[in-house]
Protein chains: 2
Amino acid sequence: MASKPPQPAGPGPHQPPKSDSPPRRRDASIQDVAAAAGVSTATVSRVLNSPGLVSETTAEKVRKAIEQLGYKPNLFAQGLMTRKSHVLGFALPDIFGEFYSELLRGADAEARRQGYHLLVGAESRKDDNPANGNLAFRLVDGLAMMITEPNDRLLKQAKDLQLPIVVMDLEVDDPSIDCVLVDNSTGAREATEHLLSSQPPEKLYFVGGPKENFDTQERAATFSATLKAAGRAPGADQVVYGRYAVEWGYLWAAQQLGKGGLRGCGVLAGNDEIALGILQAAHDHKVKVPEQLRIVGFDDTRIASLVRPSLSTVRVPLAEVGATAIATLVARLKEPGRPAERIHLPTKLVVRESSDKNAASGGF
Amino acid sequence: MASKPPQPAGPGPHQPPKSDSPPRRRDASIQDVAAAAGVSTATVSRVLNSPGLVSETTAEKVRKAIEQLGYKPNLFAQGLMTRKSHVLGFALPDIFGEFYSELLRGADAEARRQGYHLLVGAESRKDDNPANGNLAFRLVDGLAMMITEPNDRLLKQAKDLQLPIVVMDLEVDDPSIDCVLVDNSTGAREATEHLLSSQPPEKLYFVGGPKENFDTQERAATFSATLKAAGRAPGADQVVYGRYAVEWGYLWAAQQLGKGGLRGCGVLAGNDEIALGILQAAHDHKVKVPEQLRIVGFDDTRIASLVRPSLSTVRVPLAEVGATAIATLVARLKEPGRPAERIHLPTKLVVRESSDKNAASGGF
DNA sequence: TCCTGTCATGAAATCGCTTTCAGTCACCCA
DNA sequence: TGGGTGACTGAAAGCGATTTCATGACAGGA
């Protein structure tokens, strides 16, 4: 019906509708609707945006015209006036693997629920042209960004945009910015205590991601604190940093195993990928997990339950982080004055085979 | 000039500029730049959009003014005139797991490279309010959509939008729509032949995703054809359909194993998830892979190389699919008249432990 | 009867940009 | 010297919505 160009009724009596619409069919505008309904554009606009200001009889006429012409307001024009696009930016440091896709999934679902759309951007560190980033983000109503390292350049840029911002994963000091955080310490403590329990291991390690990474820092700190509380303050070699990657975990473990260490030890990894690398190395070196080496990961991405032995890990509600970020952002959009929040989402140890030989394997 | 508040020259001689800027700092507009540079808005616009039409001296003045005022064109106003937003829609049936995140990663990188941004939407089948989908997608310049089942409602909606469209994963008959496809048959044939080779198995199975799914159909067809070519035309029970999920793979395999079957057989799964489920079931039933059961997956998501035994699978260049889709879309945007393409991306068998006990384990 | 207050509506200004159209100016050639 | 040419530039007309302000009709109160 959108495509119904019923004789413009104006010019000639009966110009044959053949070859009528040279492909350039312009969408119906508010003007067309107004004309068709015999009212002014103001009235049409009111019917759409403030019904109740217009009498039921006219409203009905207008609605009919809208229906008939398949009218949809032009979002650019609308945005020009209202300064709203109903699009939210969702900026990630990268898009890779389960971790980010979960985050995005939660965010997208929530955005949709609230009538918004998501403009995603993986702000790859490589691309140093700030113009790129700014360019299209300038039409979003707000910005949810995941920032993993303090002093991120991206955050500064974002502030300059003067947009409502919510940051995931990093607690920024700016009191005007909402933050959605993960309660790393509970999970890390649970995991560490779990590793300490039952057969107390020779030695416990924390194998983290990048040293600058906020999550890694928190997890490492809690690890150390928990050990200290148990009277086993860790040495410098027991807390190490690297990258959030399978390769790094493998590398580290292979080295340790080469040195003959690690048997009878326990490892808390900075995330599941690292844990998987360690698992792999153990396998290659014929070290039995969990009998000779107990491993706990972090994040509980899907893969954790699919590897053999299945990976104990700390569950982080990633989808919920994304969803909460969007919800908070929308709340702020609706009520700009509200005080910024610091929302902490819980984490929880999930024990599987890699740290407990009695654990059920299952439950994908 | 509408907004030029420097002494209207009319009323009072010298109203004091104190209390001048209450926090509402409006972004500089093209008018402000024009005024600051002492030129017309037309000239400013030209400096930005068609340099070469303006003399170097004026251009310099204008650039200085832009710099000084931190001027950024208003995207709504710009869009209103040009009908371009430099935003592309990227519609997925869902956002879940490695599969879609890879797709998205490739797409995002390419979009960025080309100066576009991505508006993502997981068109969850639940949400049946078409208005939702249409709403913000109406400001995109083009739409890349993954469609896995013929006759998708979403595709029709998209066509109504009259936007340039590129479809991933499904070959649509509409000759005006570009398609980015995966060469399922090569991969499926390689995989099937691989399973037939060396110790010829008792029986070969194809355990697919949804029967309506286009990829599954192609893969199943090739599987059957290859078997037939080898003189071993498959029975009805050898090609089965279910869902793209670990659970389905597990369920199917567990049933077969219960019946005592499957030992000495080979399975080609519709995707890696299904294969993983089968692997899991085999493990639970103490069936040795690959000695007693050989398994090949499809897609080569990251997890395939991380499970034990590592999973043989057909590599599908997911990121490349996404990137190609975007590239094609942009190409069409730049040259609307170009004939629609059918781009086939290659697939390739990757042999790992789950189908070949001599395979190297490694290479994550 | 006249004045005032509501309600429904339309005319027109505005948002910030692009683009057409029409100069202006300097210069060159016949 | 007159007219033609080309290079720059500015005025102004949109693009399609929202919103202010004015208006007309009508009802109620003095």
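In what follows, chains are A, B, ... by sequence order, proteins preceding strands, each numbered from 1.
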dT18(D) phosphate, OP1 or OP2, under 4.0 Å from T41(A) side-chain N/O: no
Atom CG of N74(A) to atom P of dC17(C): distance rounded to whole Å? 16 Å
Nearest-nucleotide pick for I30(B), side chain only, options being dC17(C), dA17(D), dG16(C): dC17(C)
Tell me if a side-chain donor or acceptor on D32(A) pairs with a main-chain N or O of S29(A) at a distance below 3.5 Å. yes
Between dG10(D) (P) and R46(B) (CZ): distance, integer Å: 8 Å
Would you kindly check whether a donor in the side chain of R83(B) faces an acceptor in the base of dG16(D), or vice versa, at under 3.5 angstrom? no
Would you say a side-chain N or O of S40(A) is under 4.0 Å from OP1 or OP2 of dG10(C)? yes
Want to settle it: does M81(B) or V54(A) sit nearer the 5' end of DNA chain C, counting the closest nucleotide to each? V54(A)
Whole angstrom is fine here: how far is it from CG in L53(B) over to P in dC21(C)? 15 Å
Examine dT18(D): is either OP1 or OP2 under 4.0 Å from a nitrogen or oxygen in the side chain of Q78(A)? Give yes or no. yes
Measuring to OP1 and OP2 of dC17(C), would you say a side-chain N or O of S45(B) lies under 4.0 angstrom away? no
Under 3.5 Å, side chain of T324(A) to main-chain N/O of E320(A), donor-acceptor pair present? yes
Please examine the side chains of D141(B) and Y116(B), heavy atoms only from C-beta on, and report whether any two atoms are closer than 4.5 Å. yes
Nearest-Å distance, CD (Q31(B)) to C1' (dA12(D))? 12 Å
F76(B) CZ - dT14(C) C1' separation (whole Å): 16 Å
Rounded to whole angstroms, how far apart are CZ on R138(A) and P on dG16(C)? 12 Å
Starting at atom CG of L69(A), determine the distance to atom P of dG16(D), rounded to an integer number of angstrom. 14 Å
Of the listed nucleotides (dG16(C), dG10(C), dT20(C)), which one gets closest to any side-chain atom of V39(A)? dG10(C)
Is K64(B) paired with E67(B) through a side-chain N to carboxylate O contact shorter than 4.0 Å? no
When the nearest nucleotide of DNA chain D is assigned to A42(B) and to V44(A) on a heavy-atom basis, which residue is associated with the more 5' position? A42(B)
So, does T58(B) get its side chain near the phosphate of dC8(D), meaning an N or O under 4.0 Å from OP1 or OP2? no
Distance, rounded to the nearest Å, where K84(B) contributes NZ and dC17(C) contributes C1': 15 Å
Would you confirm whether R332(B), through its side chain, and V166(B), through its main-chain N or O, come within 3.5 Å as a donor-acceptor pair? no
Taking OP1 and OP2 of dA17(D), is either one under 4.0 Å from a side-chain nitrogen or oxygen of Y71(A)? yes
